[in-house]
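Everything numeric here is computed off the predicted structure, so don't read it as measured data.
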Amino acid sequence: MAAAICTGQCLCGKIEVRISASPEFSVLCFCLDCQKISGGGHLPQSAYLGQHVEISSEPKLYSWESDDGNTVSLGYCSDCGSPIYKATSKMPEFLFVAVGVLGDHSGFENPHMAFVENCRDWDRSRDLKLKGPLQ
């Protein structure tokens with residue numbers, strides 16, 4: 001893997017992430033699954049081609065079928081519970097890294113908004129001027 005341009009870790013430090021490229025795009029997802037993962041109104045994620053993401057130890061995986069029939073997998077720390085990434089059969093070439101685990105958030109800019117219809121009234125991020133829905 002090339003030199004890391006971005007690194008991060010989970011809350012307890014057990015899982016470290018090294019990324020060797022800029023994100024292809026970013027997403028602010030309001031789907032009900034992401035709300036449960038984040039414990040809030042949305043989950044900010046940056047999409048990287050999988051070959052540019054190195055994870056130091058094996059995260060625990062939880063997989064399910066999304067409302068639109070795709071398989072989604074969540075990689076998270078089995079010790080502290082921090083979400084590390086999501087993967088989906090809809091876009092198998094990408095890992096959607098949870099922005100909160102990254103030490104440098106500058107790659108999370110002008111994100112697409114996904115599942116805005118599920119945005120909670122109290123979540124002010126719905127008022128941001130962002131890119132349109134993710135197709």
(message) Between Ser78 and Lys14, is there a side-chain donor-acceptor contact under 3.5 Å, judged purely by atom types and distance?
(response) yes

(message) Is it the case that the side chain of Gln35 and the backbone of Phe30 share a donor-acceptor pair, with hydrogens and angles ignored and the cut-off at 3.5 Å?
(response) yes

(request) Please report the shortest heavy-atom distance between Leu74 and Lys86, naming the atom on each side. (result) CD1-CG, 4.0 Å

(message) Does any part of the side chain of Asn70, heavy atoms only, come nearer than 4.5 Å to the side chain of Asp68, both counted from C-beta?
(response) yes

(message) Keeping Gln45 on the side-chain end and Leu43 on the backbone end, is there a donor-acceptor pair under 3.5 Å?
(response) yes

(request) Can you see which heavy atom on Ile5 is nearest to which on Ala21, and at what distance? (result) CD1-C, 3.1 Å

(message) Assigning hydrophobic clusters by single linkage (Ile, Leu, Val, Met, Phe, Trp, Tyr; side-chain heavy-atom cutoff under 4.5 Å), is Tyr76 placed with Val101?
(response) no

(request) Taking all non-hydrogen atoms of both residues into account, name the closest pair between Thr88 and Phe96 and its distance. (result) CG2-CE1, 4.0 Å

(message) Quick check: closest heavy atoms across Ile15 and Cys77, and the distance to 0.1 Å?
(response) CD1-CA, 3.7 Å

(message) How long is the straight-line distance from CZ of Arg18 back to NE2 of His52, given to the nearest 0.5 Å?
(response) 14.0 Å

(message) Do Ile19 and Thr7 have side chains that approach each other closer than 4.5 Å (heavy atoms only, starting at C-beta)?
(response) no

(message) Are Phe94 and Phe25, when compared by the centres of their aromatic rings, separated by less than 6.0 Å?
(response) yes

(request) Verify, without hydrogens or angle tests, whether Thr71 (side chain) and Ser89 (backbone) share a donor-acceptor contact under 3.5 angstrom. (result) no

(request) May I ask you to test the Val17-Ile84 pair for a side-chain heavy-atom distance under 4.5 Å? (result) yes

(message) As an exercise, state the distance from OG of Ser82 to CD1 of Ile37, rounded to the nearest 0.5 Å.
(response) 12.5 Å

(request) For Gly75 and Leu61, work out which heavy atoms get closest and say how close. (result) CA-CD2, 3.7 Å

(message) Ignoring hydrogens, what is the shortest heavy-atom contact between Pro59 and Tyr85? Give both atom names and the distance.
(response) CG-CE2, 3.7 Å

(message) Hydrogens and angles aside, do Ser26 and Ser46 bring a side-chain donor and acceptor to less than 3.5 Å of each other?
(response) yes

(message) Measuring from atom NZ of Lys36 to atom SG of Cys31, what distance do you get when rounded to the nearest 0.5 angstrom?
(response) 9.5 Å

